[in-house]
Amino acid sequence: MIKTSVVIPVYNVEPYIDKCLNSVFGQNQQEIEIIIVDDGSTDGSMDLVREYMKEKHNIKIIQQENRGLGAARNTGLKNAIGKYIYFLDSDDLISPDTLETCFQCAEKDNLQVVFFDAFPFLDGQDNGGGIQKNLYDRRRIILNHNEVYTGSSFFQQYVT
């Protein structure tokens with residue numbers, strides 16, 4: 001059984017795709033499939049992905065003309081077979097326990113969505129492209145961060 005399908009849209013991310021893919025292959029959870037959606041990339045990104053395919057057999061590539069991030073994610077979603085879907089931007093990376101932690105959380109409470117914080121890398125910033133803490137720290141706005149919400153109650157409280 002595939003626990004998690006990781007959908008990664010790729011468009012001209014040659015400097016980042018290695019770190020992104022290495023973070024996925026370094027996951028504690030092994031029952032994953034990786035769906036790379038080539039959104040018309042024109043740099044060497046897909047050459048690097050094809051190198052991974054020589055050793056890894058859980059990668060699937062889907063090619064399409066450039067239609068943008070949302071369309072690429074939708075294409076990946078249509079082709080995913082995992083119990084859960086994880087959308088990963090190709091210029092981001094995840095900690096080794098990310099997929100299994102999300103999976104266990106979703107299974108425990110029968111969740112449809114798991115929402116958590118991130119620490120983005122910043123290119124060309126004064127910190128040398130390091131990590132900027134607290135940019136996506138939702139604990140500042142979500143008061144009960146361990147609470148389970150229905151979709152409508154979450155959106156009513158925090159989005160509208």
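Leu88 pairs with exactly one of Val24, Leu99, Val7 by the side chain to side chain contact (heavy atoms under 4.5 Å, CB included) rule, that one being Val24.
Remark: the backbone N or O of Cys20 is paired with a side-chain donor or acceptor of Ser23 at under 3.5 angstrom. The backbone N or O of Thr75 lies less than 3.5 Å from a partner atom in the side chain of Asn79, making a donor-acceptor pair. In this structure, the side chain of Ser90 does not engage the main chain of Val10 through any donor-acceptor pair within 3.5 Å. Although no hydrogens or angles enter the test, the distance criterion places a donor-acceptor pair under 3.5 Å between the side chain of Asp38 and the main chain of Ser41.
Interatomic distance, CD1 of Ile17 versus CG of Asn12, reported as 11.5 Å (0.5 Å rounding). Of the inter-residue distances, the one linking Met1 atom CE with Lys83 atom NZ reads 6.0 Å to the nearest 0.5 angstrom. Atom CD of Gln104 is separated from atom CG of Leu111 by 12.0 Å, given to the nearest 0.5 angstrom. Atom OG1 of residue Thr101 and atom CG of residue Asn28 lie 7.5 Å apart, to the nearest 0.5 angstrom.
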Query - Stepwise salt bridge (charged side-chain N to carboxylate O under 4.0 Å, His left out) test for Arg73 and Asp39 - result: CA-CA 10 Å; Arg73 286 181 176 167; Asp39 194 36; over 6 Å; no
Requested in this report: Determine, stepwise, if the pair Ile59 / Phe25 fulfils side chain to side chain contact (heavy atoms under 4.5 Å, CB included).
Outcome: CA-CA 10 Å; Ile59 301 178; Phe25 290 120; 3.4 Å; yes
Report task. Tell me, with the steps shown, if Thr4 and Gln29 meet side chain to side chain donor-acceptor pair (under 3.5 Å). Result -> CA-CA 9 Å; Thr4 308; Gln29 185 181 99; 2.7 Å; yes
Requested in this report: Could you walk me through whether Ser45 and Asp43 pass the side chain to side chain donor-acceptor pair (under 3.5 Å) test, one step at a time?
Outcome: CA-CA 6 Å; Ser45 300; Asp43 68 356; 2.6 Å; yes
Query raised in the report: Would Tyr86 and Ile32 satisfy side chain to side chain contact (heavy atoms under 4.5 Å, CB included), going step by step from the backbone distance to the final call?
Result: CA-CA 10 Å; Tyr86 186 89; Ile32 62 175; over 6 Å; no
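Relative to the six-membered ring of Tyr84, Lys3 misses at least one condition, a distance below 6.0 Å or an angle of at most 45° to the axis.
Met53 and Ile36 fall within the same hydrophobic cluster, where Ile, Leu, Val, Met, Phe, Trp and Tyr residues are linked whenever their side-chain heavy atoms come under 4.5 Å apart, directly or through other members. By the criterion of side-chain heavy atoms lying less than 4.5 angstrom apart, applied directly or through intervening Ile, Leu, Val, Met, Phe, Trp or Tyr residues, Ile34 is grouped together with Ile94 in one hydrophobic cluster. Hydrophobic clustering, with ILVMFWY side chains joined whenever heavy atoms are under 4.5 angstrom apart, keeps Tyr11 apart from Ile61.
The shortest non-hydrogen separation linking Phe87 to Ile85 is CZ-CG2, 3.9 Å. Of all heavy-atom pairs spanning Arg67 and Gln64, the tightest one is NH1-OE1, 3.7 Å.
Annotation: side chain of Lys60 is in contact with side chain of Glu33 (closest heavy-atom distance under 4.5 Å). The closest side-chain heavy-atom distance from Ile35 to Ile62 is below 4.5 Å. Val37 places none of its side-chain heavy atoms less than 4.5 Å from the side chain of Ile8.
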